[in-house]
Amino acid sequence: MGWAGIKNGTLLALAQQQFDVFLTVDRNLSYQQNLGQFNIAFVVIRNCGTRMQDLAPVLPKLATACTQARIGSATFVEP
């Protein structure tokens, strides 16, 4: 996307224009940003690394969370 180096609210503002759900492992996102101001749903993957081998076990839960996530709020997924 060419978004390397873009952070925080600017990144979320860009994401809301092109995506329905924002996936992250940043557990502090909901404390650092006012999620309600964005027109995008957030799914936060907790207690998990960022390598594919870490994420693979949570993929089924992640798929469900993405369909249930609501705009302007965070849905949390744990292994």
Side-chain angles (χ1 to χ4, degrees):
M1 301 290 303
W3 294 355
I6 298 173
K7 296 181 182 191
N8 303 327
T10 304
L11 177 64
L12 300 179
L14 286 171
Q16 75 180 351
Q17 295 173 13
Q18 297 191 35
F19 300 100
D20 297 321
V21 179
F22 186 87
L23 303 175
T24 185
V25 294
D26 182 355
R27 294 177 297 217
N28 294 317
L29 179 71
S30 58
Y31 302 108
Q32 297 168 342
Q33 299 292 324
N34 176 7
L35 302 184
Q37 74 180 349
F38 298 102
N39 190 30
I40 191 169
F42 299 88
V43 173
V44 181
I45 306 165
R46 291 182 178 171
N47 303 321
C48 191
T50 57
R51 297 176 302 169
M52 192 57 185
Q53 66 191 33
D54 300 326
L55 294 169
V58 299
L59 290 178
K61 290 181 180 181
L62 189 56
T64 299
C66 286
T67 62
Q68 296 175 346
R70 299 292 172 242
I71 291 173
S73 65
T75 300
F76 297 93
V77 174
E78 297 192 33

Hydrophobic cluster membership, F42 vs F19, 4.5 Å side-chain cutoff: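 The answer is yes; both residues are in one hydrophobic cluster.
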
Min side-chain heavy-atom separation V58-P79 under 4.5 Å: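 With C-beta onward as the side chain, the pair touches.
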
Over all atoms of both residues, closest heavy-atom pair of G49 and D54: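 Taking every non-hydrogen atom into account, CA-OD2, 3.4 Å.
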
Scan the side chains in residues 2-11 for donor-acceptor partners under 3.5 Å anywhere in the protein, sequence neighbours excluded, and list what turns up.
from : atom 1 : to : atom 2 : distance (Å)
W3   : NE1    : M1 : O      : 3.4

Beyond-backbone contact of Q33 with F38, side-chain heavy atoms, under 4.5 angstrom: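 Answer yes - side chains close enough.
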
Cluster overlap I40 with I71, hydrophobic side-chain contacts below 4.5 Å: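 Not linked; separate clusters.
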
Closest non-hydrogen atom pair between P57 and P60, with its separation: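 Scanning both residues completely, I find the closest heavy atoms to be O-CD, 3.8 Å.
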
V77 with L55, same ILVMFWY side-chain cluster at under 4.5 Å: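 Yes, because V77 and L55 connect within a single hydrophobic cluster, where side-chain heavy atoms sit under 4.5 Å apart.
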
T75 side, atom OG1; I45 side, atom CD1 - distance, nearest 0.5 Å: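 Output value for this atom pair is 11.5 Å.
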
From CZ (F76) to CZ (R27), nearest 0.5 Å: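 So the CZ of F76 and the CZ of R27 are separated by 11.0 Å.
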
V43 reachable from L59 in the ILVMFWY side-chain graph, under 4.5 Å edges: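 Yes; V43 is reachable from L59 via cluster members.
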
D26 atom CG, over 12 foreign heavy atoms within 6.0 Å: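 Counting neighbours around CG of D26, more than 12 heavy atoms of other residues, nucleotides or ligands fall under 6.0 Å, so yes.
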
Same apolar cluster: L23 and L29, side chain cutoff 4.5 Å: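 L23 does not cluster with L29.
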
E78: partners by side chain to side chain donor-acceptor pair (under 3.5 Å), with sequence neighbours left out: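 R46, N47.
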
